[in-house]
Structure formats: structure tokens, C-alpha cells
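What you see is a predicted model, and the numbers here were worked out from it, not measured in a lab.
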Amino acid sequence: MHLTDGLNPQQHQAMTAGIGQVIVLAGPGSGKTRVLTQRIAYLINHLGVSPFNILAVTFTNKAAREIKDRVHTQLGQAPRGISLGTFHSICARILRREADYLPFDRNFVIFDQDDQKGLVKQAVRDLNIDEKMYRPNQIYNRISNAKNDMVLADDFPVNTYRDEVIQRVFTRYQALLLNSNAVDFDDLLLWTALLLNEHPEVRAKYSQQFQHILVDEFQDTNQAQYELLRHLSSTHNNIFVVGDSDQSIYRWRGADYRNILRFQRDYPTAQTILLEQNYRSTQTILDAAMSVIRPNPNRTHKELFTDRGQGEKIIVKEVFDGRDEGRFVIDTIAKLVAAGKADPGHVAIMYRINAQSRELEEAFLHANLPYKLVGAQRFYGRREIKDILSYLRLCHNTHDEASLLRVINTPRRKIGRKTIDTLRSQSRADDLNMSAVLLSITSQEDSPYIAAYSSAALKALYAFGEKLLRWHALASDASPLDLMDRIIVDVDYQSYLEDGTDEGIERWENVMELRRLAAEYKERRLVDFLEETALVSDQDTYNPSANAPTMLTLHASKGLEFPVVFIVGMEDGTLPHSRSFDDPEEMAEERRLLYVGITRAKDRLYLLHSLNRRRFGYTEPADISRYLNDIPHELIDGGRPSGIEYSLKKRKFEIQTRWKSEIKQPKPEPIAQFQAGDSISHSIFGEGEVLDSKLEDGDEIVEIIFEGGIKKRLIAALANLKKL
DNA sequence: ATAAAGTGACTTTTT
DNA sequence: GTCACTTTAT
């Protein structure tokens, strides 16, 4: 296949643009990834650029992988030597290589958000600041925002006393990070930008290597990332960026879509290319999307068009509450599938906040239907996974206090709070870190720290310290897998997890899953394993296989597409979220968020709003989202009235009475068919014994222990149980 | 030193 | 209603 096959004139223009600065403003579904990959292939094949001289940056590993795969296909071989990855991973690599210039060594660990919050808390405590007044969470946000804007602790703007306190915490926090030989997520970008800024020779080196720079999702860059790109392109100014300011949804993380304007100002000779033709959605969906985004101020309108035709109208559905919402979604999917109009795997259900997934999940569980969840309780956020990774991190870099604190008494090994406090104060007094004190106690008979402990405490510390020394020695040449196995055996992690509950078994299975991942790093170093596990994102957890509907936040939906999309919770307070009400910039972002969601849909779009919404455990009446009124009636199925004609109170009443009459319908009261002691068989789980059976909400819930000791709670009407 | 019981914040979105 | 963290009891 020739490189230019199937490209429209604008895409072709972008691909073949000369060297220099190019900005591609790409509407949703306009083939921007395609342009990016073909551009890379073009550089290599037509301009004879060595892959070694190309840098392509994305925001997620998934996007990076996708581009890499597609370039591979395009070229017929892997682009060897190309630098292609997320901002964070590219920066981590540079920092390790250039550690000599930096205040940490090349074995630094990367602190994730949990570690960061814990460290802020630590800093607050160290300084004897009231945690109630100065919430670590809030301070963490201020610090993170400052770093994204390239503001260091010394330059932190102080306007109030509170700012002054935050500045002190910031300073302390940064010192603690270095004490652990660690950097946080924000530091990866910040340190790299500072490094390039302050060391012309390093800047020249990388700028000369990366002769051609390509950036995906440019609207999501923050100040640090922008400066980074400026430095990296400083000797040649060959920079090709792709973005869409209407899809900028990470403002709260420091992203600034105005970087697009800055780019055009900083590079007045930049070529601008507009991609407006959409290859994904029906015209109806595009029209709805445009009607939602149009009211945003200060934007250049893009007229999205497609040759796919009008397609189906949009369905707007009012439901009574979250339960009703879930039932409607499931019912509708069932009907579409039965009619052969969609596969379950073609469906996405999107919401504003993660908490909304719960009621939807319950609906699926109740109906006994499978689903996929993106993000939420992510794999790498699980306790058992963090435990094991902390062990590995600690072995790799013993200075890592966050990891030490996590594992020093997990599983319980009689090292309690008092012992840990002593360890901490000793380390602070001598300006060391806690591991250094621990290892001193372990390996030096005349260690000055020994006297402070009881003999029982000393014994416990000694036992752990010795293990740590052995693992640390192993860490330099054993594979990640071997080290992990050694640790798991040495601390008997399995019996710690498996406490006889289903949850314990599940946790152990997760550890085994991590073990499988580690096994893939046989030929690679521990540091690579740790780095890649630290930098996976929720969005990377999306698994397109398995034929089941996907639930995800609107944020997580960016970059994906689905034939059928449900957007639930279209209510003022949820979408737009009430936290955004008082800031016009944030309100504009809420619109963009909905715009992103709508434009994920290829064929069918359902917008649901509920009359009642659960908040803080209590159900409250909710108002329809203002955005629904911006969608013209003719796009909506049934020509449903929108705007002021729409009488909310009347509708509320109708729906409530309808709902009541529905539930009043005499449903035959089921009689419990099973009782404790019955022997039964199940098509999947095999034979088992009933432990308990009770009626809940008109369903018979049976608790069964199957052969092999697996306990399950099943709904009798759905589980198809046979009495034996 | 640990397990149990109680308290209070929290819900926006995440590399 | 839930989680994480703190206090209290053993």
C-alpha cells in the first residue's frame, strides 16, 4: 500500500508538510492519529530521516503503543531506535541518563499520587502544622499545580499567611523526596525542563538527537511540557503538533489549551492545517456535538461534517433514579442486541464521576450480565499490588521511605508504631533516611542507634533488616520475577493474603497476575519494570476484547470510539458538575467534556437524565442538565421539546406516578425454593450445597458453597439451579 | 503490639 | 454510604 492511499487533501497536506513547525487542528474522528503515524512513516521513508532522530510524545501508553504499531504496519518493520512514549516515560529516561547533573542518583524511584499525598502529610506533621486546618490533600494540589507551572518552592507566590505555610510544606516535601532518592510525577517533567534550561550542553545533545519532534493531544500540555518541547526543538525548530482545543479536558491538571495560541505566537512561521472531515459519527451526532460546544466563548468554530449521512436520531431519556437508569441502559442494550443492531462490546456507558459507576454495576450484576470497567479501582492501586511493588522498589532503592513504611510491618512482624517513630526520629536527627538507620542497626554491631530499642523491637528490626539486605543484593542482578518470588516466599505473603475469604483469594490472584507481568521482563532490568508499572494510567487498562459493554468516565473516553454510547447523569450538578459552577473556565471545560463524550459515538447516542440523584448517600431531586436544552429538537427522537417549553414539574409528576403504578403491579411474591442443606448443581460452578436462602426485593438470594470451597451468592431466578 | 470500634471527610476529572 | 485514619480496649 502506498503511503498516501486514502488520505483526504488536508490529511495529505499535513503528512507531507515541509520541515519546520506544523500545527494540525484536528476535530474529533478526523483521523489525527492516522496523520501522525503517516507523518512519521513519511519522515522515515521519503525524507530519509533515521528513526533515531525522531521523538514522538503522547499522554498515554496506549496512544504510544497504537502509534508504534501503526508505524510498524506502515513501514513493514519496526522503527528501530525511535523515541516514542509518554511525556513522563521519555522524561524518566532522560533523567536517569543525566542523573549526574541532578540532586538524585540514577536509581531514583517514581512516587505516585498516593505516595505524594502521604509525603505531604509527613511534611505537614514534621513541621507541626495543624492537619485539620491544612489538609494534606489541598496542599498537595497547590504543590502539584505550582510544579506544573514550573514554580519551585522558593518562588512559590506568597500572598497570605496560608500561602506562607504551604510554601514551608512545599520546601519540606521536596527535601523529603530527595531524602528518599525519589521524584514525583510532576518532577519528571519539571526536572527535565530545568535540566535542559540550565545545561546548554545537555539541551544541545537532545535537541540534536531529536531532529523531528511530534506531539499528540497538544491541547493537554502544561507549562512544563511546553517549555520542554521548546528546549528540545531549540536547535532545529522541527516540531509537528496535533491537537483540538475543544477537547481540552485536563485544565485541573495544569493543561492549558492556550498553548495552541502560544505555539502560533512563538512560531509565527508555523503552518496551520485544519482537519474537519469526520470519519466516525453520523451527521446527527456531529450536529448535536457542535450545538453543545458552540456556546463556549473564545473558540474558533470547526464545522464538523461527514459523508455518513444523518443516521439515527438521538434518544433523550428521562428516568426516575439511578436504579431506573441502569435498568433502562441494560434493557436498551438487550433490545439492540436482540435486534442484531449491536454487539454488547460495541456499547459504552459514560459518566461524569466514578461514583456513578456503582449503581450501574449493580444493575449489571443484578441482571447477571458481564461488563468492563475502565479505571476506578485500578489494578495498580490495589493494596496487594502496591505492597509487592513497594518491596521491589525498596530493594532497588533502599532510600525509598514511602515503600519502607508501607512494607516494614506488612505482613505483621511486630514492628509497631513506637519502633517506627524511634527509627524516624533517629534518622531525622542525623539527616539520614530511615532505611539507613535500619541497615546500620542490622549490619553494625556497634551501631549507635541500637540502645534506643527494647530487645524485642531490636529482634524484629534485625530480622527484617537482614532480609532487606539479602534482597537488595539480589536486586542488582536477579530478574524482577526471581526477586519477587524470593520476597513472596520469604515473607509468606500468600498466607498473609489468604485469610479464608473470597477477597483473600482474589487478592492472591492479583499478585499472580502481577507475577505474570513481571515474567515478561525476564531479559530486562528491575528498573524498567518499576518504571513502567509506575507510569501506567487508567486509560491503559481499557481492554477492547471481551464482548461486554464498557463503563468509563467521560475523561477516560477520550481517544476511543464506540458504535453505541450512553451518557448518563445529564443533570445540573453532575454534568456540569457543581464544583465548576463558579468558574467560567471550568464551566467551559464541562462543555468540552460532554463534547468529547458525544463525539465518541459512531451510530447511536443515548442521553439520560434522572429526576433523582444520590448524593452523599441521600437521594435528592435533580434538575435536567442545561446542555440538553442546547441540542435542537429535530436531532432528538420524538422531537422532544427542549428549552423553556419543557415543563420539568409536570414531567416529574407523570414519571413518579408512572413509576408507582409500575411497581404496584402485583408481582407474584416468590416463594423460597431452596433452603440450607439442599444439594444443587449449577451449569458453570458445578455441584454445591446451599448455605442460606433469603428473599430480598422479591428475589430469592441463595448462598452456596461449591465444590472446592468457592462461595457464591446467586439469584435463584437467574442462576438456573437444579436440585439434586 | 494488635484488633476492634469510632470518627470524619469526602466525590470531579488522572499522567 | 464508604473509606481511611484515629482512638480505645485487650
Give [X] one of three labels, base, sugar-phosphate or nothing, depending on what nucleic acid heavy atoms sit under 4.0 Å from its own.
| X | value |
| --- | --- |
| Glu586(A) | base |
| Asn409(A) | sugar-phosphate |
| Ser578(A) | nothing |
| His88(A) | base |
| Arg614(A) | nothing |

In whole angstrom, what separates Asp114(A)'s CG from dT14(B)'s P?
-> 14 Å

Send over the distance from Arg406(A) CZ to dC5(C) P, rounded to a whole Å.
->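 The distance from CZ of Arg406(A) to P of dC5(C) comes to 10 Å, rounded to the nearest Å.
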
Specify the residue among Ser580(A) and Tyr140(A) whose closest nucleotide of DNA chain B lies further upstream toward the 5′ end.
->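 The 5'-side residue here is Ser580(A).
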
Which ranges of DNA chain B pair up as stems, where a stem means three or more consecutive Watson-Crick or G-U pairs with both distances under 3.5 Å?
->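 When the pairs of DNA chain B are grouped into runs of at least three, the stems are B:1-10 with C:1-10.
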
Are Tyr250(A) and the base of dT14(B) stacked, counting only ring centres nearer than 5.5 Å and planes tilted under 30°?
-> no

Heteroatom pairs (N/O) under 3.5 angstrom, protein to nucleotides 3-7 of chain B:
| unit_1 | atom_1 | unit_2 | atom_2 | d |
| --- | --- | --- | --- | --- |
| dA3(B) | OP2 | Arg412(A) | NH1 | 2.8 |

Interface polar pairs with nucleotides 6-10 of chain C, N/O, under 3.5 angstrom:
| unit_1 | atom_1 | unit_2 | atom_2 | d |
| --- | --- | --- | --- | --- |
| dT6(C) | OP1 | Arg125(A) | NH2 | 2.5 |

